[in-house]
Amino acid sequence: MVLIQKGILQPLPQHASFLSFSLKPDADAPAVRVALSALRGLVDGERIVLGIGSTLLQLLDVQIAGVHDFSGIPGSRVPLPVTPAALWCWCRESERGELVHQMRRILQVLAGSFELQQAVDAFKYASGRDLSGYEDGTENPQDQEAFAAAFVQGQGQGLDGGSLVAVQHWLHNFASLDAMSERQQDDLIGRHKSDNQEFDEAPPSAHVKRTAQESFSPEAFVLRRSMPWAEREKAGFHFVAFATSFYPFEAQLRRMSGAEDGIVDGLFSFTKPVSGSYFWCPPMCEAGLDLSALDL
Ligand code: HEM
């Protein structure tokens with residue numbers, strides 16, 4: 001039976017931390033294996049979802065089909081930062097205090113070989129809105145379709161039930177957004193903020209027109225699990241999309257960035273990505289996280 005990291009399919013938690021780690025300069029494969037074995041004891045796939053980056057796979061001399069680092073979009077009309085990382089943890093809790101303890105435990109077991117690269121304090125806003133006020137996730141595939149979009153199947157034990165995740169940290173410019181009328185804001189997204197309805201008259205730059213999943217060939221479905229974030233006076237959206245390959249994300253981003261037809265997604269008029277990385281999320285097995293693909 002295929003077992004998955006269930007947190008990927010579950011509804012958004014009330015609170016979350018997204019932690020990414022780089023390898024310490026002197027990290028070697030034996031020490032990293034010890035750290036990963038200890039981390040496996042913490043990762044239940046629900047309260048903590050784990051992703052592994054290409055740099056870590058390279059150190060362990062392992063290849064997973066389709067897994068590589070994000071390297072930008074050729075021809076993009078907007079900056080798309082590339083920020084590879086070795087490990088990614090999505091800690092998901094209903095109590096914010098529990099996140100402090102999760103992070104403490106994770107840092108403890110990784111201390112020897114990994115450095116914290118980014119820690120994002122994220123939360124659910126209303127019923128699942130971005131801080132711009134727009135509802136996110138409406139067109140996510142549901143049930144069996146969500147499973148099919150997000151989890152690898154037919155590749156064998158250790159790979160089936162795994163998922164590939166694209167992560168982009170977006171920083172909002174609220175002054176730009178506030179300077180627009182709600183009608184102008186609706187045109188950026190292609191949905192009404194008031195009732196979340198899509199409208200046909202939206203310009204071709206509207207975000208939902210750029211990313212309409214059925215409009216790609218082949219179709220480009222992802223399971224989005226993005227969350228708002230805030231840190232002091234800065235805030236934005238932590239974009240997270242699970243799929244069976246990086247093709248759907250790249251197809252959407254190519255269109256959003258203007259690389260395909262020169263039209264840049266309306267989103268860029270009030271927000272911009274400040275990071276971009278890819279990870280492989282291993283499946284689970286009866287004993288916990290299935291790291292057999294890494295010989296662990
Ligand atoms: C600040 C960043 C972003 C914000 C605030 C945002 C917000 C939204 C909103 C409000 C919707 C409409 C409701 C829904 O169907 O979820 C949406 C749809 C969507 N977004 Fe984004 N988004 C962001 C970045 C991205 C990125 C980077 C991608 C992919 C590269 C993406 C892919 C999609 C897709 C696939 C849909 C559904 C399109 C459809 O099939 O109708 N979004 N987004």
Side-chain angles (χ1 to χ4, degrees), residues 11-12 18 70 72-73 76-83 120 122-142 145-146 149-150 164-174 176-177 180 182 185-200 202 204-230 234-243 245-260 264-278:
L12 290 180
F18 293 95
F70 175 59
I73 299 289
S76 170
R77 304 278 175 106
V78 284
L80 300 171
V82 172
T83 57
V120 176
F123 48 89
K124 188 171 171 187
Y125 177 41
S127 53
R129 290 172 190 259
D130 169 55
L131 289 167
S132 59
Y134 289 90
E135 184 89 34
D136 186 58
T138 313
E139 290 294 336
N140 258 338
Q142 302 295 322
E145 287 176 352
L164 274 58
V165 65
V167 182
Q168 249 184 347
H169 194 59
W170 289 68
L171 173 65
H172 287 358
N173 179 338
F174 290 101
S176 304
L177 194 66
M180 293 179 222
E182 191 161 313
Q185 296 180 12
D186 287 354
D187 277 347
L188 302 180
I189 303 291
R191 281 183 182 265
H192 293 299
K193 193 187 290 197
S194 54
D195 60 6
N196 195 28
Q197 287 306 307
E198 211 168 335
F199 54 101
D200 288 341
S205 56
H207 180 54
V208 300
K209 289 208 168 167
R210 296 276 98 194
T211 54
Q213 296 161 101
E214 307 87 355
S215 69
F216 296 90
S217 180
E219 292 184 337
F221 280 94
V222 291
L223 184 63
R224 286 168 293 132
R225 289 291 186 248
S226 316
M227 297 181 75
W229 65 271
K234 293 185 174 162
F237 206 44
H238 198 69
F239 177 84
V240 178
F242 295 89
S245 80
F246 297 123
Y247 155 75
F249 171 75
E250 293 195 351
Q252 293 160 12
L253 196 57
R254 188 169 300 114
R255 234 177 239 174
M256 286 176 65
S257 69
E260 199 172 293
V264 172
D265 194 305
L267 275 182
F268 284 89
S269 51
F270 77 93
T271 185
K272 61 177 182 185
V274 293
S275 85
S277 29
Y278 286 161

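Reckoned from all heavy atoms, side chains included, excluding hydrogens, waters and symmetry mates. Just so you know, ligand 1 is whichever comes first in the structure, and atom 1 is the first atom listed for that ligand.
- Ligand 1 has no N or O atom lying under 3.5 Å from any N or O atom of Ile189, backbone or side chain.
- Closest to atom 41 (O) of ligand 1 among all protein heavy atoms lies Glu139 CG, 3.2 Å.
- At a cut-off of 2.8 Å, measuring from atom 21 (Fe) of ligand 1, the protein N, O or S atoms that fall short of it are His207 NE2, waters left aside.
- Between Arg191 and ligand 1, no pair of N/O atoms sits closer than 3.5 Å.
- In this structure, the side-chain hydrogen bond (donor to acceptor under 3.5 Å, both in side chains) partners of Asp186, at least two apart in sequence or on a different chain, are Tyr134, His192.
- Protein heavy atom in closest approach to atom 16 (O) of ligand 1: Gly137 N, 2.6 Å.
- Proximity of Met256 to ligand 1, defined as any heavy-atom pair under 4.0 Å, is confined to the side chain (atoms from C-beta onward).
- In summary, the side chains of Ser127 and Glu135 do present a donor paired with an acceptor at a separation below 3.5 Å, with no hydrogens or angles considered.
- Of the candidates Lys209, Glu250, Gln252, it is Gln252 that places a heavy atom closest to atom 29 (C) of ligand 1.
- Side-chain atoms of Ser257 come within 3.5 Å of backbone N or O of Leu253 as a donor-acceptor pair.
- Applying the side chain to side chain donor-acceptor pair (under 3.5 Å) test to pairs two or more places apart or on separate chains, those with a residue in residues 219-228 are Asp136-Arg224.
- Nearest protein neighbour of atom 27 (C) of ligand 1, counting heavy atoms only, is Gln168 OE1, 3.3 Å.
- Residue-ligand proximity: His172 is placed with a non-hydrogen atom under 4.0 Å from ligand 1.
- Checked against a 6.0 Å centroid threshold, the rings of Trp229 and His169 count as neighbours.
- Glu198 and Arg191 are joined by a salt bridge, as a carboxylate oxygen and a charged side-chain nitrogen come within less than 4.0 angstrom of each other.
- For atom 4 (C) of ligand 1, the nearest protein heavy atom (residue, atom name, distance) is Phe237 CD2, 3.5 Å.
- Proximity to Tyr134 (heavy-atom distance under 4.0 Å) selects the following atoms of ligand 1: 10 (C).
- Ring geometry for Phe246 versus Tyr278: interplanar angle under 30°, hence parallel rather than tilted (30 to 60°).
- For Gln185 (side chain) and Leu177 (main-chain N/O), a donor-acceptor pair under 3.5 Å exists by modelled atom type.
- Of all non-hydrogen atoms in Gly236 and Leu131, the two that sit nearest each other are O-CD1, 3.8 Å.
- Looking at residues two or more places apart in sequence or on another chain, you find no side-chain hydrogen bond (donor to acceptor under 3.5 Å, both in side chains) involving Glu182.
- Within the 4.0 Å heavy-atom cutoff, Ser132 does not count among the residues contacting ligand 1.
- Looking only at heavy atoms of the protein, atom 10 (C) of ligand 1 is closest to Glu135 O, 3.2 Å.
- Among all non-hydrogen protein atoms, the one lying nearest atom 40 (O) of ligand 1 is Gln213 NE2, 2.8 Å.
- Remark: the backbone N or O of Ala202 is paired with a side-chain donor or acceptor of Lys209 at under 3.5 angstrom.
- The pair Glu250-Arg255 fails the salt-bridge criterion, with no side-chain N (NZ, NE, NH1 or NH2) lying under 4.0 Å from an Asp/Glu carboxylate O.
- Residue-to-ligand polar distances place Thr138 within reach of ligand 1: an N/O pair is separated by less than 3.5 Å.
- There is a side-chain donor-acceptor pair under 3.5 Å between Thr138 and Asn196.
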